[in-house]
Amino acid sequence: MTDEEKAQQVARTHAKIMDGLARAERALFTRPAPKSARAQMKFLHKRERGSTKSLAERLGVSRKTVQRYLSGASAKPNKRLQETLIHETESEWQPQVRAQARQRAVSSGGLVITFRATLGFTANGSSDDARPRDLSIAVSPSHAALILAAQEESATDADLHEAVAEAIADAYFRQGGGGRARLKVNFTDVEWLTIEF
């Protein structure tokens with residue numbers, strides 16, 4: 001596998017991890033986020049302290065576009081704007097609920113990561129060949145803290161991938177201690193991944 005192919009694989013894994021974290025946060029909502037473009041625009045407008053200019057910059061549209069949605073003159077955004085509205089609205093929706101879940105995850109609860117991926121290890125001349133595995137793994141609070149910090153800090157693809165791989169390695173392969181501390185774990189070809197708080 002070339003370096004470019006490895007980088008693409010890590011980028012795909014990063015996208016799946018970020019999507020898994022976003023879905024986990026959406027599952028926490030106690031009320032549904034605004035659905036219509038106008039309601040989303042009004043919510044974000046309020047979050048931007050009523051600044052049409054600031055909201056337009058945030059969404060990558062003109063001030064007139066924002067004003068048309070706020071007034072109800074426009075109702076059907078193009079695909080890019082629709083995706084941006086959903087993403088931005090959900091990233092701001094119920095921040096206290098998300099903060100409480102994150103605090104619980106890093107202090108006592110950890111995370112549960114369920115996935116299908118190629119997983120294996122090598123250590124001291126022996127190996128468990130990498131093969132596709134369907135697993136559900138409870139990740140410790142300390143690893144949950146590293147994963148969530150990497151997400152918040154917009155870590156590189158490789159850094160976030162490494163944080164998740166290490167969390168899985170510790171929970172699945174290294175749980176017995178002993179000589180397993182030096183295991184090199186391969187976590188690749190992620191087909192799907194979900195995360196729960």
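We use all heavy atoms of the structure for the numbers below, so side chains are in, but hydrogens, waters and symmetry mates are not.
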T52 side chain near H45 side chain, heavy-atom distance below 4.5 Å
yes
Which heavy atom in V190 sits nearest to a heavy atom in L193, and how many Å separate them?
CG1-CB, 4.0 Å
Rounded distance [0.5 Å steps], CG in D170 versus CD1 in I137:
10.5 Å
Show your reasoning for whether side-chain contact (heavy atoms from CB on, under 4.5 Å) applies to K64 and Q67.
CA-CA 5 Å; K64 284 190 176 199; Q67 291 166 345; 4.2 Å; yes
Taking atom CD of E83 and atom CD of E88, what is their separation to the nearest 0.5 Å?
12.5 Å
Derivation of the side-chain contact (heavy atoms from CB on, under 4.5 Å) call for T13 and L160:
CA-CA 9 Å; T13 300; L160 185 58; over 6 Å; no
Evaluate the side-chain contact (heavy atoms from CB on, under 4.5 Å) criterion for residues I113 and V164: first the C-alpha distance (whole Å), next the side-chain angles of each, then the deciding distance (0.1 Å), finally the verdict.
CA-CA 9 Å; I113 302 176; V164 172; 4.2 Å; yes
Exercise: do T188 and Q9 side chains pair donor with acceptor under 3.5 Å
no
Donor-acceptor pair, side chain of H161 and main chain of H14, under 3.5 angstrom
no
From NZ (K16) to CG (L21), nearest 0.5 Å:
14.5 Å
With hydrophobic residues grouped by side-chain heavy-atom distances under 4.5 Å, do L28 and I17 end up in a single group?
yes
For A101 and F197, work out which heavy atoms get closest and say how close.
O-CD2, 3.7 Å
When every non-hydrogen atom of L44 is compared with those of E92, the smallest separation belongs to CD2-CG, 4.3 Å
For the pair R102 and E152, find out whether any cationic side-chain nitrogen is under 4.0 Å from an anionic carboxylate oxygen.
yes
Is there a path of hydrophobic side-chain contacts, each under 4.5 Å between heavy atoms of I/L/V/M/F/W/Y residues, joining M18 to I195?
yes
Full working for salt bridge (Lys or Arg N to Asp or Glu O under 4.0 Å) between R12 and E191:
CA-CA 10 Å; R12 283 191 302 271; E191 291 181 31; over 6 Å; no
Within this structure, what is the CD-OG distance for the pair E57 and S51, rounded to the nearest 0.5 Å?
7.5 Å
Cluster link L146 to V10, ILVMFWY, side chain under 4.5 Å:
no
Would you find more than 12 non-hydrogen atoms of other residues, nucleotides or ligands less than 6.0 Å from E4 atom CD?
no
Looking only at side chains, do Q94 and R26 share a donor and an acceptor under 3.5 Å apart?
no
Do L59 and F43 belong to the same hydrophobic cluster, where Ile, Leu, Val, Met, Phe, Trp and Tyr are linked whenever their side-chain heavy atoms lie under 4.5 Å apart, directly or via other members?
yes
Would you confirm whether S71, through its side chain, and R68, through its main-chain N or O, come within 3.5 Å as a donor-acceptor pair?
yes
Looking at CD of E25 and OG of S91, how far apart are the two atoms once the value is rounded to the nearest 0.5 Å?
9.0 Å
So if you build clusters from Ile, Leu, Val, Met, Phe, Trp, Tyr with side-chain heavy-atom gaps below 4.5 Å, do L85 and L70 land together?
yes
If you define the side chain from C-beta out and look only at heavy atoms, does anything of T2 sit under 4.5 Å from K6?
no
Can you check whether I86 reaches K35 side chain to side chain, under 4.5 Å on heavy atoms?
no
Test your reading of the model: is there a side-chain donor-acceptor pair from T65 to the backbone of V61, 3.5 Å cut-off?
no
Would you sort out whether F115 and T194 count as a side-chain contact (heavy atoms from CB on, under 4.5 Å), showing the intermediate values?
CA-CA 6 Å; F115 61 90; T194 61; over 6 Å; no
Testing the basics here: between W93 and R31, what is the closest heavy-atom pair and its distance to 0.1 Å?
NE1-O, 2.9 Å
Locate the shortest heavy-atom distance separating V139 from H143; write the atom from each residue and the value.
CG1-CB, 3.4 Å
Y69 and S74 have their tightest heavy-atom pair at CD2-O, 3.3 Å
